[in-house]
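Only one structure is covered here, and it is reproduced in the block below.
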There are 2 protein chains.
Amino acid sequence: MVALNLKIGDLSRRTRCPAQTIRYYEREGLLPEPTRTAGNYRVYGSEHVEQLAFIRNCRSLDMTLREVRQLLRVRDIPDENCDAAHRLLDEHIAHVATRVAELQLLEKQLKGLRRQCGTAHADKECGILNGLGRRTLADADKKPAAHVRGTHHG
Amino acid sequence: MVALNLKIGDLSRRTRCPAQTIRYYEREGLLPEPTRTAGNYRVYGSEHVEQLAFIRNCRSLDMTLREVRQLLRVRDIPDENCDAAHRLLDEHIAHVATRVAELQLLEKQLKGLRRQCGTAHADKECGILNGLGRRTLADADKKPAAHVRGTHHG
DNA sequence: TTAAAACTCTGTAGCAACTCCAAGGTCAAG
DNA sequence: CTTGACCTTGGAGTTGCTACAGAGTTTTAA
């Protein structure tokens, strides 16, 4: 159960992961290099299907590729105990919880700002625009804290 | 009230914004180009202090630079009514609310996964590692939805 | 058989919002 | 006159992809 002989497009359809992304994971060392055909096409087996599924599951849980790499390493050391996986997951949960709290505070601030102007009028009287210009909105200087970013509405 | 004659380091300290970032905002057209000394040093006035404060306030509310640019444009059209600012802020609030909901779901899933293995043991029996390998964690294929990313614990 | 369509290959650039580095110019103090 | 703090520009790195471009390969249909 290793030789399925999938081309990259087949693997892509099977895992709902774009082919470009599969190549990217390979470059990044998350997926082992597949064998090649005479024509230099990549050929995948079931181990690739499974590993890619693992990666995508982790990603859907918003883990970074760094974390995925660590989990893969843990997974591949047989008969080790799974403390490392526990720690990683616990840390990840903590990060998410932190971010939720931050965003909830943010939401409150935004709604407060929004209440400062409910109606249309000339810009110079707009409580929102004025509020944003003021040196202090609630409390000033708190660092963005490095891991804090990301609402990413594109 | 325009000529304070601040050098970039002075402005940086005053606004707690790194000098590099100030130059970046200038390149991106968010801050007007300052005058220069004979030695080619940037010289800032109070209008720069105020505009930079505005930008940083927006950023601390997690707005994108694109949104900030739009708000600045709105602000600089005098006697216009502030509908545009309202719409922008409402949209931003909606994005944040969406992201909060997503992250809360995520947190639940992660905690569920964590519960699958409470104790140390050999990796191959670990419910976490096994759970991540399974083809379906909760429900499979839901798109990352483009603006959904970002917990970014670096 | 052959020509078009569909697929794959590599490599590069772009996104957001910075941050960091290098190599050098400018200015005040000692 | 030299040290050091500051400033200048330009370019690369970060994260996790996505989107080309230009070329080669394989499959399908006429």
Side-chain angles (χ1 to χ4, degrees), chain A residues 5-31 33-44 52 55-56 58-70 92 95 99 143-154, chain B residues 5-31 33-44 52 55-56 58-70 92 95 99 143-154:
Chain A
N5 291 344
L6 305 175
K7 281 191 288 182
I8 199 166
D10 304 326
L11 181 59
S12 172
R13 272 181 296 280
R14 232 176 229 245
T15 56
R16 290 173 198 77
C17 175
Q20 300 267 34
T21 303
I22 295 173
R23 287 191 203 102
Y24 172 73
Y25 288 158
E26 182 185 330
R27 269 202 308 287
E28 293 299 301
L30 287 151
L31 271 178
E33 291 191 18
T35 52
R36 301 280 184 140
T37 65
N40 201 31
Y41 281 19
R42 290 171 176 81
V43 181
Y44 296 99
L52 185 50
I55 296 168
R56 292 257 110 186
C58 292
R59 291 291 302 132
S60 81
L61 295 175
D62 233 12
M63 294 181 198
T64 63
L65 293 187
R66 192 189 208 293
E67 286 174 316
V68 180
R69 237 186 306 263
Q70 288 170 3
H92 186 57
H95 287 311
R99 185 62 179 148
K143 293 255 160 72
H147 71 278
V148 160
R149 313 233 131 278
T151 310
H152 290 196
H153 33 296
Chain B
N5 290 345
L6 305 174
K7 281 189 289 183
I8 201 167
D10 304 326
L11 181 59
S12 172
R13 273 181 294 279
R14 233 176 228 244
T15 56
R16 290 173 199 77
C17 175
Q20 301 266 34
T21 303
I22 296 173
R23 289 192 201 101
Y24 172 72
Y25 289 158
E26 183 185 329
R27 269 202 307 285
E28 294 299 302
L30 287 150
L31 271 178
E33 292 191 16
T35 52
R36 302 280 185 139
T37 65
N40 201 33
Y41 283 18
R42 289 171 176 81
V43 181
Y44 296 98
L52 185 50
I55 295 168
R56 291 257 108 188
C58 292
R59 291 290 300 131
S60 81
L61 295 175
D62 233 12
M63 294 181 197
T64 62
L65 293 186
R66 190 188 208 295
E67 286 173 315
V68 179
R69 238 186 305 265
Q70 288 170 2
H92 186 58
H95 287 311
R99 186 62 180 147
K143 293 256 161 70
H147 71 277
V148 159
R149 314 233 129 276
T151 311
H152 290 197
H153 35 294

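Numbers restart at 1 for each chain; the letters A, B, ... are given by sequence-line order, proteins then strands.
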Is a side-chain donor or acceptor of B/His92 paired with a backbone partner of B/Leu61 at a separation under 3.5 angstrom? yes

Pairing residues for B/Thr35 by the side-chain contact (heavy atoms from CB on, under 4.5 Å) criterion, not counting sequence neighbours: B/Val43

Nearest to the side chain of A/Arg59 - D/dC7, C/dC18, D/dG16? D/dG16

From the options D/dT26, C/dC18, D/dC7, select the nucleotide whose nearest atom is closest to the side chain of B/Tyr25. C/dC18

Supply the atom-to-atom distance [X] [atom1] to [Y] [atom2], rounded to the nearest 0.5 angstrom.
X: A/Thr64; Y: A/His95; atom1: OG1; atom2: NE2; answer: 8.5 Å
X: B/Ser12; Y: B/Leu6; atom1: OG; atom2: CG; answer: 11.0 Å
X: A/Ser60; Y: A/Ile55; atom1: OG; atom2: CD1; answer: 12.5 Å
X: A/Tyr44; Y: A/Ile8; atom1: OH; atom2: CD1; answer: 4.0 Å

Of the residues in residues 34-44 of chain B, which ones touch DNA chain D at a heavy-atom distance under 4.0 Å? B/Arg36, B/Asn40, B/Tyr41, B/Arg42

Whole angstroms only, please: what is the [atom1]-[atom2] distance between [X] and [N]?
X: B/Glu28; N: C/dT19; atom1: CD; atom2: P; answer: 14 Å
X: A/Lys7; N: D/dT25; atom1: NZ; atom2: P; answer: 13 Å
X: B/Ile8; N: D/dC7; atom1: CD1; atom2: P; answer: 7 Å
X: B/Asp10; N: C/dC27; atom1: CG; atom2: P; answer: 15 Å
X: B/Tyr24; N: C/dC20; atom1: OH; atom2: P; answer: 15 Å
X: A/Leu31; N: D/dG16; atom1: CG; atom2: C1'; answer: 14 Å
X: A/Leu11; N: C/dC9; atom1: CG; atom2: P; answer: 11 Å
X: B/Arg16; N: C/dT19; atom1: CZ; atom2: C1'; answer: 20 Å

Throw together a table of side-chain donor-acceptor distances under 3.5 angstrom for residues 22-30 of chain A, partners on residues two or more places apart or in other chains.
from, atom 1, to, atom 2, distance (Å)
A/Tyr25, OH, A/Arg56, NH2, 2.9
A/Glu26, OE1, A/Arg42, NE, 2.8

Basic-acidic side-chain contact under 4.0 Å: A/Arg59, A/Asp62: no

Do any N or O atoms of the protein come closer than 3.5 Å to N or O atoms of nucleotides 22-24 of chain C, and which pairs are they?
none

Take the C1' atoms of the five end pairs on each side of the helix from C/dT1-D/dA30 to C/dG30-D/dC1, get both axes, and report the angle to 10 degrees. 30°

Residue-phosphate contact under 4.0 Å: [X] side-chain N/O, [N] OP1/OP2:
X: A/Arg27; N: C/dT10; answer: no
X: A/Arg56; N: D/dC17; answer: yes
X: B/Arg66; N: C/dC15; answer: no
X: A/Arg23; N: C/dC9; answer: yes
X: A/Thr64; N: D/dT15; answer: no

List the atom of A/Asn40, the atom of A/Arg36, and the distance in Å for their closest heavy-atom pair. O-NH1, 3.0 Å

Going by the rule salt bridge (charged side-chain N to carboxylate O under 4.0 Å, His left out), which residues pair with B/Arg69 if we only count those two or more places apart in sequence or in a different chain? none

